[in-house]
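A short write-up of the structure that comes next.
Keep in mind that the numbers below use all heavy atoms, side chains included, and drop hydrogens, waters and symmetry copies.
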Amino acid sequence: MVSAVAIETALAREGLVTCAVEKSAARELLRQLGDIVEETRVRQRSEANTYLAGRDAVPLHTDHPEADLVAWRCEVQALQDGASVLADGYSIIRAMGASADSLRSVELYVPPQLPRQTPDRGTVWDGKRLYYAPWYPVVRASNDGRRALKLFTNLLAMGFGHRRVRLQVGELLVVDNGRWLHGRDKLPEKSNRFLQRYWLRRQSRLSRNSA
């Protein structure tokens, strides 16, 4: 089985990694990467009207800004497609040039999803990490920031840094949530695709928060 050290090395190099992990070992492996702060079953439900449980395409986004890493283990894969669509946010920031600095003035709403959550807004780009979800409103932005956000979304739509990962049953995908945006295409009706999703906080963040 892949080690936590190997995953850390791949994350430091590229910001994402895929590997095969037994179901019984997945949680213990992830605990070596950080604190699991949220665990969710990602599967289609006929009555659902959310991206998480619906069949509509999910726009590219990052998850909650307090999740340093996001991991998905494939329990059941769809018979047709079911691939995750990813985009390297760092590629987009580089393509933006100097205008990327204006994203530091843009803050988006952060929903109250985690216990003891402190922020209710997150900066789109703080110089190291991205936070972006197109369905959350802008709560603060300069004029230059709004123009930069428009450029960011245009580049994202053009396919900068895009990648597709179709997990097989038993495979784990781990991404740096401050770098990689993720989404997926529309699923077939009554798709049986089932991923177990984990949000992880890095130990370094836990140490800072308790200091």
Between [X] and [Y], is there shared hydrophobic-cluster membership here, with clusters defined by ILVMFWY side-chain heavy atoms closer than 4.5 Å?
{"X": "M158", "Y": "V124", "value": "yes"}
{"X": "V2", "Y": "V169", "value": "no"}
{"X": "L52", "Y": "L173", "value": "yes"}
{"X": "I93", "Y": "L155", "value": "yes"}
{"X": "V17", "Y": "L181", "value": "no"}

[X] [atom1] to [Y] [atom2] distance, which is reported to the nearest 0.5 Å:
{"X": "Y132", "Y": "H61", "atom1": "OH", "atom2": "NE2", "value": "11.0 Å"}
{"X": "D185", "Y": "D56", "atom1": "CG", "atom2": "CG", "value": "11.5 Å"}
{"X": "I92", "Y": "L130", "atom1": "CD1", "atom2": "CG", "value": "7.5 Å"}
{"X": "I7", "Y": "L172", "atom1": "CD1", "atom2": "CG", "value": "6.0 Å"}
{"X": "M96", "Y": "F160", "atom1": "CE", "atom2": "CZ", "value": "11.0 Å"}
{"X": "L11", "Y": "D68", "atom1": "CG", "atom2": "CG", "value": "11.0 Å"}

Where is the tightest heavy-atom contact between [X] and [Y], given as atom of each residue plus distance?
{"X": "V106", "Y": "L149", "value": "CG1-CD2, 4.1 Å"}
{"X": "L195", "Y": "C74", "value": "CD2-CA, 3.5 Å"}
{"X": "V138", "Y": "A141", "value": "CG1-CB, 3.8 Å"}
{"X": "V174", "Y": "A71", "value": "CG2-CB, 4.0 Å"}
{"X": "A4", "Y": "L29", "value": "N-CD1, 3.6 Å"}
{"X": "R73", "Y": "G170", "value": "NH2-CA, 3.4 Å"}

Do [X] and [Y] have side chains that approach each other closer than 4.5 Å (heavy atoms only, starting at C-beta)?
{"X": "Y136", "Y": "P111", "value": "yes"}
{"X": "W72", "Y": "V175", "value": "yes"}
{"X": "V70", "Y": "R197", "value": "yes"}
{"X": "S84", "Y": "R184", "value": "no"}
{"X": "V85", "Y": "L60", "value": "yes"}
{"X": "L30", "Y": "L200", "value": "yes"}
{"X": "F194", "Y": "R41", "value": "yes"}

Ring centroid separation Y51 to W135 under 6.0 Å: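 Centroid distance Y51-W135: below 6.0 Å, so yes.
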Determine whether a donor-acceptor pair (N or O, by modelled atom type, separation under 3.5 Å) exists between the side chain of [X] and the backbone of [Y].
{"X": "Q77", "Y": "L167", "result": "yes"}
{"X": "R166", "Y": "D81", "result": "yes"}
{"X": "N177", "Y": "A67", "result": "yes"}
{"X": "R202", "Y": "L33", "result": "yes"}
{"X": "W199", "Y": "D35", "result": "no"}
{"X": "R104", "Y": "D126", "result": "yes"}
{"X": "S191", "Y": "L187", "result": "no"}
{"X": "Q117", "Y": "P119", "result": "yes"}
{"X": "E28", "Y": "A25", "result": "no"}
{"X": "R140", "Y": "L108", "result": "no"}

side-chain contact (heavy atoms from CB on, under 4.5 Å) between V21 and C19, intermediate numbers included: CA-CA 6 Å; V21 178; C19 55; 3.8 Å; yes
Y90 and W125 aromatic ring geometry - parallel, tilted or perpendicular at 30°/60° bounds: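 Perpendicular.
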Residue pairs fulfilling side-chain hydrogen bond (donor to acceptor under 3.5 Å, both in side chains) with at least one residue in residues 142-160, sequence neighbours excluded: S105-S142, D144-R147
More than 12 heavy atoms from other groups under 6.0 Å of CD on E22: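 No, because the 6.0 Å sphere around CD of E22 holds 12 heavy atoms or fewer from other groups.
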Derivation and outcome, side-chain contact (heavy atoms from CB on, under 4.5 Å), residues R31 and I36: CA-CA 7 Å; R31 285 195 186 101; I36 299 174; 4.1 Å; yes
Stepwise side-chain contact (heavy atoms from CB on, under 4.5 Å) test for T40 and Q196: CA-CA 6 Å; T40 303; Q196 193 75 12; over 6 Å; no
Derivation and outcome, salt bridge (charged side-chain N to carboxylate O under 4.0 Å, His left out), residues R13 and E8: CA-CA 9 Å; R13 182 178 62 248; E8 291 280 16; over 6 Å; no
Counterpart residues, ring pair (Phe, Tyr, Trp, His ring centres under 6.0 Å), relative to Y131 (two or more places apart): none
Is any side-chain N of the basic residue among [X] and [Y] closer than 4.0 Å to the acidic one's carboxylate O?
{"X": "E66", "Y": "R201", "result": "yes"}
{"X": "E75", "Y": "R193", "result": "no"}
{"X": "R179", "Y": "D88", "result": "yes"}

E38 vs Q113, side-chain hydrogen bond (donor to acceptor under 3.5 Å, both in side chains): CA-CA, chis, key distance, verdict: CA-CA 9 Å; E38 193 262 5; Q113 293 177 280; over 6 Å; no
V165 vs T18, side-chain contact (heavy atoms from CB on, under 4.5 Å): CA-CA, chis, key distance, verdict: CA-CA 9 Å; V165 176; T18 59; 3.9 Å; yes
